[in-house]
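Reviewing the structure listed below.
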Amino acid sequence: MYKIAQHLAWLSIWRRKTRSLMVIMMIGLSLGGLLGLQGLYDGMISHLINTTIRSDSGEISVYAKEYRLQKSLDYRLLAISKYEEVFSKIEGIDAYSIRLEQEGLIATAHKSLGAILKGIYLDQEQNFGQLSSFTIQGEYSFGKENTGSLIGSALAKKLNLSLGSRVIFTAQDASGEINSISFRITGILKTGNPSIDDSSVFVSIEQMSKFLNLQQSATQLALRVKDSKQIRIIQKELQTLFGDVDVLRWDELYPLLIQMQELINIFNLASYAIVFIVAALGIFGVMLVSVLERMREFSIMLAIGTPYKMVRDQILLEASFLGFIGYMAGAFLGWLLLWYMSTVGIDMRSFEAGLELYGYSAVMYANMHLYYFVQAFFAVFFATLLSVIWPLLKLKKIKPIQIIQGKTV
Amino acid sequence: MKLSHICKTFYPDSPKEIKALKDINLSFEKGEFTTLSGESGSGKTTLLNIIGGLDAATSGKIFFEGEEISAYSEEKMAKLRLNHIGFIFQAYNLIQVLTVRENIGFIMRLLKFDEVAINARILELASILQIEDILDKLPSELSGGQQQRVAVARAVASRPKLILADEPTANLDSKNSERLMQMLRTLNEKEQVTVIFASHDRYVLEQSKRVIVLSDGAVVEDH
C-alpha cells in the first residue's frame, strides 16, 4: 500500500510542475545561500582563531602570576628549563615556544611609536605556528649575526620602514634602567592578528635577554596541543604541577573570539529559523492548495475503500518529496558555494584595510563540515512535517460523500 | 444485503430538518440487477450511500451477508467497501494522475492481488469494455463515455460482491448509456455480481430486473 502512496505522491507533485519547481527553488536557493554563509562565517572566525593560536597564544599559555596585569619583568617566569622538562614529558603537547617580551618605544630617524619587543627562537616559532608563512617581505631570519628583527606589517607601514631599515628600541631592563638596542629589519610579517601586526617586533631571545639583563627567563610559554579535546586536561595538569603560575587557554586569553563565535552561532541559528520558515511556508502553501483542489479525488479514494492512512501517507510523501528535492538542490548549491569559497576563497582586497582592522584576511575562505548538511536536512525535514499538519487535519474532517456530491466541506 | 427500518434525517431537531428516508425495509439477493428509482429528492441516492456505508443511517440496521454493519467504525466500513463493494459515480471520478491501466488495477493493488492476476484482469475487462487501446492514456485524454467505462472496470476489477452505481448514465449520451448498461448486464450475468443503481433514466429502468420506486423517502413500489 505504501508503494501505491509513493507512486501517487510522486506523480502528484509533477501535476503542477511550475508550482512544485517554484517551491523546490525557494527551498534550494535559501538553503544553498544559508550553507554558503554558514561556511563563510565559520571560516572567517576559524581563521581568526587559528591565526591567534598560531601567532600568539597557542592553545595554552603559561604566565607568571600578575604578569598579564602589570606587564612588568618583575613578574616573569624563571628557571625555564624546568618547564621545558615537563613539556617534553607530556604526551599531548605538540610544540612550545619560549617568549620574552617587553613594552617600549621603537624609533626611526623620523618617528617613534610604542611597541612590543618579543624575544623568540625562530625554530621554535616555526615548529609552533609556522611563523615563517606570515613573512610577506624579506626572510624569516635574524641575519648572520642574529641581530636582525622581524616586524609587524602595520607597524612597518606606520614607521615607513622597509627591509634593511634600522630601528632603535628603548625599554626598561630588569633592573629598571632605560636601555636602547638597535636592530636592522630582516623581514616583515603579516599574521592577521592585529596585536602582532600593529605593534610587535621579533628579535632573537638571546639578544633580548642580553638587552634586558636576564637569564633563563620568559614572560610567556605558549603551547600547542595535539588534540583539542585534551586542552582542558593538559591545562589542569600544568596548573597542578606549577601552582604559582597562570595556565590559561586561548579562549580565556581572547574571550572576544569566543563571543564572536557565539554571535556567529546565534546568527546561524537565526538563519536556520528563516530557512525553516521559508521551507515550511513554501511547502505548506503548496500542500494546502494541492490538498484543497484535490479534495474530490481524495474523497473518491476514501469512498472506494482506500484507507485514510494511505491517503495521509501520500500527502506526507508529497511534502517529503518536495522538501527532499529542495534540500538536495540546496545542499548541492551550498556544497558548490562552499567548495569554491574553501578552495579559491573570496577576494575582498578592496576592503582589505577595514578587514585587517578586525584581524580578518583579505581573501576569505569558508569552512565545510558535514554537520552543516545534517543540520539543514533536519531543518527541512521538520519544516516538511509541520507544513502538512493543517492540510491533513482538513482532510481528516471531510465526509467523502458530501464532496463527491458537490457539497462543501 | 438486508435493510431493516432504515431512517435518515438531515439536520435533526432544527428548523431545516429533512426526513430523507422513512422506515425502509429491503433485501437484495446475490446476482440482482436492481434500480432505485424516483423523483429528484426522493431519497434514492441517500439510500444507495447508506447501503454502501458512505453515509450512516439515523436509525435502523443494515446486514451484509448476515452480519450487522450499521455499527461499523469508519475504518471497518472502509475495509468492507474495499473488499466487497464497487462504486460507480455519476462523474466518473478517476484518479487523474494514474493511467487507465493503473486506475483499473488500483483497488486490486490495495487488496494486494498478485501482479500477474492484476494484469490479466485488466486485459480481460479492457476487452469486455472495449478499452484495450486506451489503457496507457490518462483520464484527461478520454471522452466521458470512455471514462465511465474505465470507472466500471475499476469498480468490478476486484470482483466485489456488490456494485453500487449512482446515476451512471447521467453524463452519457444515449448510445454510450446503452453500451454501458449492456456491459454491466454482461458482467452481472457472467460474474454473478449484484448491481444496484440509483437512477431515473428510463433506459436503466428498462434494463433492470427489479425496480424499487421511492417517493418522499419511502418505498412506494417494488417490482
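Below, read A as the first sequence line, B as the second, and so on, with proteins coming before strands; counting in each chain starts at 1.
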Arg81(B) (side chain) donor-acceptor with Ala303(A) (main chain) under 3.5 angstrom:
yes

Does [X] have more than 12 heavy atoms from other residues, nucleotides or ligands lying within 6.0 Å of its [atom1]?
X	atom1	value
Lys22(B)	NZ	yes
Tyr371(A)	OH	yes
Glu74(B)	CD	no
Glu75(B)	CD	no
Phe113(B)	CZ	yes
Phe63(B)	CZ	yes
Met310(A)	CE	yes

For the student: nearest non-hydrogen atoms of Glu102(B) and His7(A), plus distance:
OE2-NE2, 2.8 Å

Which value, rounded to the nearest 0.5 Å, describes the distance between [X] atom [atom1] and [Y] atom [atom2]?
X	Y	atom1	atom2	answer
Met301(A)	Leu110(B)	CE	CG	7.5 Å
Gln96(B)	Arg296(A)	CD	CZ	10.5 Å
Glu297(A)	Ile95(B)	CD	CD1	6.0 Å
Leu82(B)	Ile304(A)	CG	CD1	8.0 Å

Is any side-chain heavy atom of Leu8(A) closer than 4.5 Å to one of Phe106(B)?
yes

With a 4.5 angstrom heavy-atom cut-off, which part of Ser299(A) approaches chain B: side chain, backbone, both or neither?
neither

Leu54(B) portion near chain A, given a 4.5 angstrom heavy-atom threshold
both

With respect to chain A, which residue among Ala155(B), Ala78(B), Gly86(B), Pro160(B) yields the maximal number of heavy-atom pairs within a distance under 4.5 Å?
Ala78(B)

